[in-house]
There are 2 protein chains.
Amino acid sequence: MPETPTRPRLTDVAAAAGVSKSAASKVLNDAPGTSVSEETRARIHEAARRLGYRPHGPARSLATGRTGAIALVLPPLSNPTHATIARGATRRALELGFMTLTAEDAGDEASRAGLEMVIDSGRIDGVIVGSASTDSDLPFLLTRKQLPYVLVNRSSPHGRANVVMDVAQSAREAVDFLVGLGHRRLGHIGGPTEYTPSVERIQAFRSRCRELRLPEPTITLQPFDEGGGARGLTDLRSALEPPTALFTSSFAQAVGVLGTAAQAGLRVPQDLSVLANDDYPMADYLVPTLSTVATPLAELGAAAVDALLAVFNGEETGDTVIPTAPQIIARGSTSAPGD
Amino acid sequence: MPETPTRPRLTDVAAAAGVSKSAASKVLNDAPGTSVSEETRARIHEAARRLGYRPHGPARSLATGRTGAIALVLPPLSNPTHATIARGATRRALELGFMTLTAEDAGDEASRAGLEMVIDSGRIDGVIVGSASTDSDLPFLLTRKQLPYVLVNRSSPHGRANVVMDVAQSAREAVDFLVGLGHRRLGHIGGPTEYTPSVERIQAFRSRCRELRLPEPTITLQPFDEGGGARGLTDLRSALEPPTALFTSSFAQAVGVLGTAAQAGLRVPQDLSVLANDDYPMADYLVPTLSTVATPLAELGAAAVDALLAVFNGEETGDTVIPTAPQIIARGSTSAPGD
DNA sequence: GTGAAAGCGCTAACAC
DNA sequence: GTGTTAGCGCTTTCAC
């Protein structure tokens with residue numbers, strides 16, 4: 001049987017089944033309240049299957065005003081945090097019949113252009129924003145364009161729906177874990193404060209230390225990358241009484257800490273325990289192996305999709321906090337102080 | 001001034017400029033051979049600007065049969081190799097006025113479903129495939145669907161256009177670099193042979209060793225991840241005469257090697273020099289810092305876009321090999337044998 | 001139960 | 001130089 005040269009249209013299916021286009025359309029979408037005999041229904045499905053019919057997206061979009069696609073606006077996916085969120089979101093979207101379009105937001109001119117292209121294209125129903133700093137104009141832009149959106153791993157008072165993890169809980173567990181090992185002088189390498197989780201993490205870390213009547217923790221603010229971890233370590237060590245254990249706000253920062261510690265002749269964990277936020281397979285292969293707080297990033301992405309769909313339906317869901325508890329994974333970079 | 005409640009259409013622009021839809025359309029697309037007075041032209045542009053007009057993608061697609069979007073089918077972007085290719089491709093596509101849609105191909109059922117959704121959606125003009133193993137049916141599928149495609153970082157005799165780097169050159173430079181340090185017994189942790197670059201790398205590595213009259217190198221085949229590196233190291237060390245220096249086919253493998261070496265009490269670089277394929281910022285922070293062969297991955301992605309567009313235009317370009325030379329970046333994980 | 005027809009926003013062939 | 005018109009493939013209202 002020779003290949004069909006052009007993609008089959010609804011008309012072709014209808015013709016093959018001996019019905020009208022509208023009948024075919026209703027049956028294939030099983031539109032509510034459609035009255036078509038079981039037998040015709042079967043004929044239509046069979047014809048569609050045989051011809052390999054797939055509805056043509058643009059045509060359907062034009063007719064319905066909906067596209068079945070959502071955009072993910074995230075910081076560069078070279079950062080595994082965001083890649084994981086993206087994957088979780090894409091998986092969930094797929095389950096619900098939505099395509100995802102990723103627009104990387106590196107904060108530069110080119111990203112911005114790409115982003116506007118996607119937003120203005122008329123090819124998406126809504127946006128999941130994971131890149132917005134607190135002073136980003138993205139929420140306003142989307143509001144002005146009348147595009148539904150949710151924020152993920154960020155929150156904004158302007159956001160119609162923010163989807164977040166219990167960052168404070170992670171920070172508290174981190175403190176408790178390190179204290180459980182016997183540490184009392186703790187340090188934290190926080191992320192930039194224009195990102196809401198950084199602020200929460202810092203506050204929770206500090207207040208948990210107070211609750212436990214520990215000495216005031218040393219805290220430094222740094223970018224999320226390896227270099228930030230490196231500078232953070234230098235910072236913390238120059239404190240009057242340097243911490244014996246520290247918690248980083250990103251995996252990459254922890255890598256930077258391990259590298260810098262090794263170069264400085266600081267032994268981990270004997271001289272310094274290191275606990276990273278977020279867990280990746282690489283943790284098992286770093287030197288020393290890296291203890292982490294595993295966070296439900298994929299679920300976060302999935303929940304963002306659910307929240308966006310709720311917005312589509314006009315539901316006022318408010319904010320979502322992922323219920324999954326963070327999990328400490330103890331490896332070689334943490335121990336009792338002095339060993 | 002109150003916001004326009006609904007997105008402006010071409011009709012609105014035409015009305016505002018006092019011309020017909022077709023005039024507006026032609027001017028805004030500056031269609032070839034359009035004769036419209038400079039003055040009307042200006043009026044139309046001005047009206048479009050004022051209203052913030054953006055063509056509606058689906059409508060345009062329906063009318064033209066083209067979408068202005070291309071799909072990127074790549075292995076999970078948690079692998080920085082593919083994330084970098086994706087970024088290069090997206091950047092270039094944007095420059096050329098194309099949107100990109102990323103479909104992760106993790107080789108599982110869910111990815112496959114997502115992929116078919118994208119392919120069948122009618123929302124893309126072509127596909128860049130970077131995930132195909134040699135026995136993948138993806139090329140056939142795309143051919144059957146009549147969707148233009150190119151392979152990137154892979155090659156296939158069936159592919160209409162393969163876009164690759166000079167992997168052999170990287171492998172030769174790796175050998176030369178290690179030999180330059182004084183090593184003679186070399187090892188290589190190759191990637192799975194169902195991926196064409198793995199095969200080329202292995203062959204080039206081996207033949208370069210022969211050219212230099214070195215002892216036959218020890219080669220092991222492993223997955224591209226950290227675990228593959230770990231097992232690869234174990235493998236190589238169990239050789240009759242273990243290599244004093246090795247080249248991995250991925251960055252992650254090298255991380256696995258460093259971790260496993262540390263645990264085995266093997267000193268890098270004194271007991272073993274390690275050179276990784278591909279370079280990432282993290283290399284500066286591993287313990288020890290990791291020597292790498294930097295490869296032009298972003299350019300590879302960009303070139304894939306160019307090649308795909310050539311296919312759109314019916315040009316028979318054949319294969320593309322990125323001209324940028326690989327670059328050795330010597331760090332702490334390589335040294336003369338025995339130090 | 002089923003089908004005819006209008007129209008989503010745009011482009012392009014053609015008429016004026 | 002500029003406007004009219006016929007679709008692109010689909011959904012959906014409404015009449016039969």
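Note that the coordinates shown come from a computational prediction; the quantities given were computed from them, not determined experimentally. A note on names: the letters A, B, ... follow the listed sequences, proteins ahead of strands, and every chain is numbered from 1. Computation of the quantities below employed the complete heavy-atom set of this structure, encompassing side-chain atoms and omitting hydrogens, waters and symmetry-equivalent molecules.
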### Message
Is it the case that the side chains of A:Ser111 and A:Asp105 hold a donor-acceptor pair, with the cut-off being a distance below 3.5 Å and no angle test?
### Response
no
### Query
Has A:Arg60 got a side-chain N or O lying under 4.0 Å from the OP1 or OP2 atom of D:dG9?
no
### Query
Closest approach of B:Ser155 and B:Thr196, non-hydrogen atoms and distance?
N-OG1, 2.9 Å
### Task
Tell me which nucleotide among C:dG9, D:dG9, D:dT11 gets nearest to the side chain of B:Arg9.
C:dG9
### Query
Hey, does the side-chain of B:Ser22 have a donor or acceptor N/O within less than 3.5 Å of a partner on the base of D:dT4?
yes
### Task
Can you run down the ring-ring contact (aromatic ring centres under 6.0 Å, His included) pairs that involve residues 70-108 of chain A, sequence neighbours left out, and say none if there aren't any?
none
### Query
Can you name the closest pair of heavy atoms from B:Arg7 and A:Ser121 and give their distance?
NH2-C, 4.2 Å
### Task
Let me know the distance between CZ of B:Arg66 and P of C:dG9, rounded to the nearest Å.
21 Å
### Query
A:Arg123 has an atom CZ; how far is it from atom P of C:dC10, in whole Å?
13 Å
#### Entry: Salt bridge A:Glu109-A:Arg112, side-chain N to carboxylate O under 4.0 Å
no
### Message
Rounded to whole Å, please give me the gap between CZ in B:Arg7 and P in C:dG9.
### Response
10 Å
### Task
Answer with base, sugar-phosphate or nothing: what part of the nucleic acid does A:Thr40 contact at a heavy-atom distance below 4.0 Å?
sugar-phosphate
#### Entry: Flag, side chain of B:Ser61 to backbone of B:Gly57, donor-acceptor distance under 3.5 Å
yes
### Task
Take B:Val36 and A:Ala63, find for each the nucleotide of DNA chain D with the closest heavy atom, and name the residue whose nucleotide sits nearer the 5' end.
B:Val36
### Query
Looking at five pairs on each end of the helix from C:dG1-D:dC16 to C:dC16-D:dG1, what is the angle between the two axes, given to 10 degrees?
50°
### Query
For B:Leu28 and C:dA12, what is the distance between atoms CG and P respectively, to the nearest whole Å?
13 Å
### Task
Could you tell me whether B:Pro55 contacts a base, only the sugar-phosphate backbone, or nothing, with contacts defined as non-hydrogen atoms closer than 4.0 Å?
sugar-phosphate
### Message
Measuring from the side chain of B:Leu10 (C-beta onward, heavy atoms only), which nucleotide among C:dT11, D:dT4, D:dC10 has the closest atom?
### Response
C:dT11
### Query
DNA chain C: B:Lys21 or A:Lys21, which has the more 5' nearest nucleotide?
A:Lys21
### Query
Are B:Arg49 and B:Glu46 within salt-bridge range, i.e. N to O under 4.0 Å?
yes
### Message
Taking any heavy-atom pair under 4.0 Å as a contact, classify B:Thr64: base, sugar-phosphate, or nothing.
### Response
sugar-phosphate
### Closest listed nucleotide, where the reference is the side chain of A:Tyr53 and the choices are D:dC10, C:dT2, D:dT12
D:dC10
### Query
Which pairs with one or both residues in residues 122-144 of chain A pass ring-ring contact (aromatic ring centres under 6.0 Å, His included), sequence neighbours excluded?
A:Phe140-A:His158
### Any A:Ser37 side-chain nitrogen or oxygen under 4.0 Å from OP1 or OP2 of C:dT2
yes
### A:Glu38 CD to C:dT2 P, straight-line distance once rounded to whole Å
11 Å
### Summary
Out of C:dA12, C:dG9, D:dT12, minimum distance to the side chain of A:Ser25 belongs to D:dT12
### Query
What nucleotide, of C:dA12, D:dG9, C:dG3, holds the atom closest to the side chain of A:Ser20?
C:dG3
### Query
In whole angstrom, what separates A:Asp30's CG from D:dT11's P?
12 Å
### Query
Over how many whole Å does the gap from A:Leu62 atom CG to D:dT12 atom C1' extend?
14 Å
### Nearest-nucleotide 5' precedence on DNA chain C, B:His56 against B:Lys26
B:His56
